[in-house]
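Worksheet: the structure to be examined is printed underneath.
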Amino acid sequence: MNFLTPGPSQLYFTVEHHLKHALKEDVCAISHRSKAFQQIIAHTISQIRLLMNVPQDYYIVFTASATEIWERIIQNLVAENSFHLVNGSFSQKFHETAVLLKKQAYKQEVALGQGFEMADLQIPASTELLCLTQNETSTGVSMPLSDIYELRKLHPDKLITVDMVSSAPYPDLDFTQIDSAFFSVQKCFGLPAGLGVWILNEKCLEKSMAIEKSGKSTGTYHKISTLVKNIKNNETPETPNMLGIYLLGKVCEDMNKRGIKTIRNETNYKSVLMYHTIQQSENFKVFVENEKFRSKTVIVADVVKEKASFFINKFKEHNITVGSGYGAGKETQIRIANFPTHSKETFELLADLMK
Ligand SMILES: *Cc1c(COP(=O)(O)O)cnc(C)c1O
């Protein structure tokens, strides 16, 4: 079965091979404090850095998942005030995390399927952290990188964090324009779930140390100061998902061999094909009206006549599983993941079926 679901998704096609190799090399049995494992961590970090062009002075650390990173970000980068751009379920949950942690969490909301016009944003001067969801997985709305850079220009004094869980490594993000970004591995990287990757700069470390100094808690084993202290030694505070870290390094290495440019070009090709197919079809309609906000990696379509489940079951007969709509859209939408492991051939087959 080909899983074109937006996470978990189809495993990257080399994972089976690396999994066998991991067992042979006892990756799950060696000590997480051993030289051998430190080398695995160093390899994974260097491959992520290369693939996503992460500057040398940005830290790359590991957590359990992106949901955990939401919590760590709020604990470590916000003393009082955060600001959230909310346009779907994931950006909403990020905001809720800040509310639950008792911060003054302001949000600006737009309707589902819409993106943000930077000129309309009203960001209080007291904001310490801007929380952006670059690719809102529930609605297929993405934020143009130029808008992120514009926010940086307008707010040079505030920290900016970018949820790129369901788009990385596709966006060619200039990390010097932001302070922190993060993803989980079960989306575009095509890996088993249970590992989050958090990229952050020195300003984030300084901010969290200042909050600690003020007497506030920034958390325990996964506060930034502890994560950074450990990663400088290619270690993690806890016994981490060693297999996940190993596999991520191997898959990033494979993607680097294929070339990030090639991966981006293929992603573009498949997304053009899919949006075109949806536009031509009587049964489907593109959900995100404004082209500039249409996600390349999570494509959402309204199902016009039948229930979404009718088409989902039809495609399954041809070994393709697409995602259902998210939340309220469950019966009326389909979501198609366009990740690096999804082949052109699979997309061409799906396009034929949709016609
Ligand atoms: C999936 C997802 C998350 C949560 O990731 P987990 O691995 O489930 O913690 C957060 N943000 C976005 C945009 C997502 O798509």
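We count ligands from 1, going down the list as the structure has it; atoms in each ligand are counted the same way. Hydrogens, waters and symmetry mates play no part in the numbers below; they use all other heavy atoms, side chains included. Throughout, numbering of the chain's residues begins at 1 and tracks the sequence.
Cation-pi geometry between Lys296 and Tyr170 is not met at under 6.0 angstrom from the ring centre and within 45 degrees of the axis.
For His342, the side-chain hydrogen bond (donor to acceptor under 3.5 Å, both in side chains) partners two or more places apart in sequence, or in a different chain, are Ser9.
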Using residues 133-143 as the side-chain source, report each donor-acceptor pair under 3.5 Å to any protein atom, sequence neighbours left out, with the distance given to one decimal.
{"unit_1": "Gln134", "atom_1": "OE1", "unit_2": "Ser167", "atom_2": "OG", "d": "2.7"}
{"unit_1": "Gln134", "atom_1": "NE2", "unit_2": "Met143", "atom_2": "O", "d": "3.0"}
{"unit_1": "Asn135", "atom_1": "OD1", "unit_2": "Ser295", "atom_2": "OG", "d": "2.7"}
{"unit_1": "Asn135", "atom_1": "ND2", "unit_2": "Ser166", "atom_2": "O", "d": "3.3"}
{"unit_1": "Asn135", "atom_1": "ND2", "unit_2": "Ser166", "atom_2": "OG", "d": "2.9"}
{"unit_1": "Asn135", "atom_1": "ND2", "unit_2": "Thr297", "atom_2": "OG1", "d": "3.4"}
{"unit_1": "Glu136", "atom_1": "OE1", "unit_2": "Phe90", "atom_2": "N", "d": "3.3"}
{"unit_1": "Glu136", "atom_1": "OE1", "unit_2": "Ser91", "atom_2": "N", "d": "2.9"}
{"unit_1": "Glu136", "atom_1": "OE1", "unit_2": "Ser91", "atom_2": "OG", "d": "2.8"}
{"unit_1": "Glu136", "atom_1": "OE2", "unit_2": "Phe90", "atom_2": "N", "d": "3.3"}
{"unit_1": "Glu136", "atom_1": "OE2", "unit_2": "Ser138", "atom_2": "N", "d": "3.1"}
{"unit_1": "Glu136", "atom_1": "OE2", "unit_2": "Ser138", "atom_2": "OG", "d": "2.7"}
{"unit_1": "Thr137", "atom_1": "OG1", "unit_2": "Ser166", "atom_2": "OG", "d": "2.7"}
{"unit_1": "Ser138", "atom_1": "OG", "unit_2": "Ser89", "atom_2": "N", "d": "3.0"}

Under 3.5 Å, sequence neighbours excluded: what are the donor-acceptor pairs made by side chains of residues 197-205?
{"unit_1": "Trp198", "atom_1": "NE1", "unit_2": "Ser180", "atom_2": "OG", "d": "3.0"}
{"unit_1": "Asn201", "atom_1": "OD1", "unit_2": "Lys203", "atom_2": "N", "d": "3.2"}
{"unit_1": "Asn201", "atom_1": "OD1", "unit_2": "Cys204", "atom_2": "N", "d": "3.1"}
{"unit_1": "Asn201", "atom_1": "ND2", "unit_2": "Asp179", "atom_2": "OD1", "d": "2.9"}
{"unit_1": "Glu202", "atom_1": "OE1", "unit_2": "Tyr59", "atom_2": "OH", "d": "2.8"}

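The residues Glu253 and Arg258 are annotated as not salt-bridged, no charged nitrogen and carboxylate oxygen being separated by less than 4.0 angstrom.
Summarising the geometry of Thr321 relative to Met1, their closest heavy-atom pair is OG1-SD, 3.2 Å, with the distance given to 0.1 Å.
Using a heavy-atom distance under 4.0 Å as the criterion, the protein contacts of ligand 1 are Ser65, Ala66, Thr67, Trp70, Phe90, Asn135, Thr137, Asp163, Val165, Ser166, Ser184, Gln186, Lys187.
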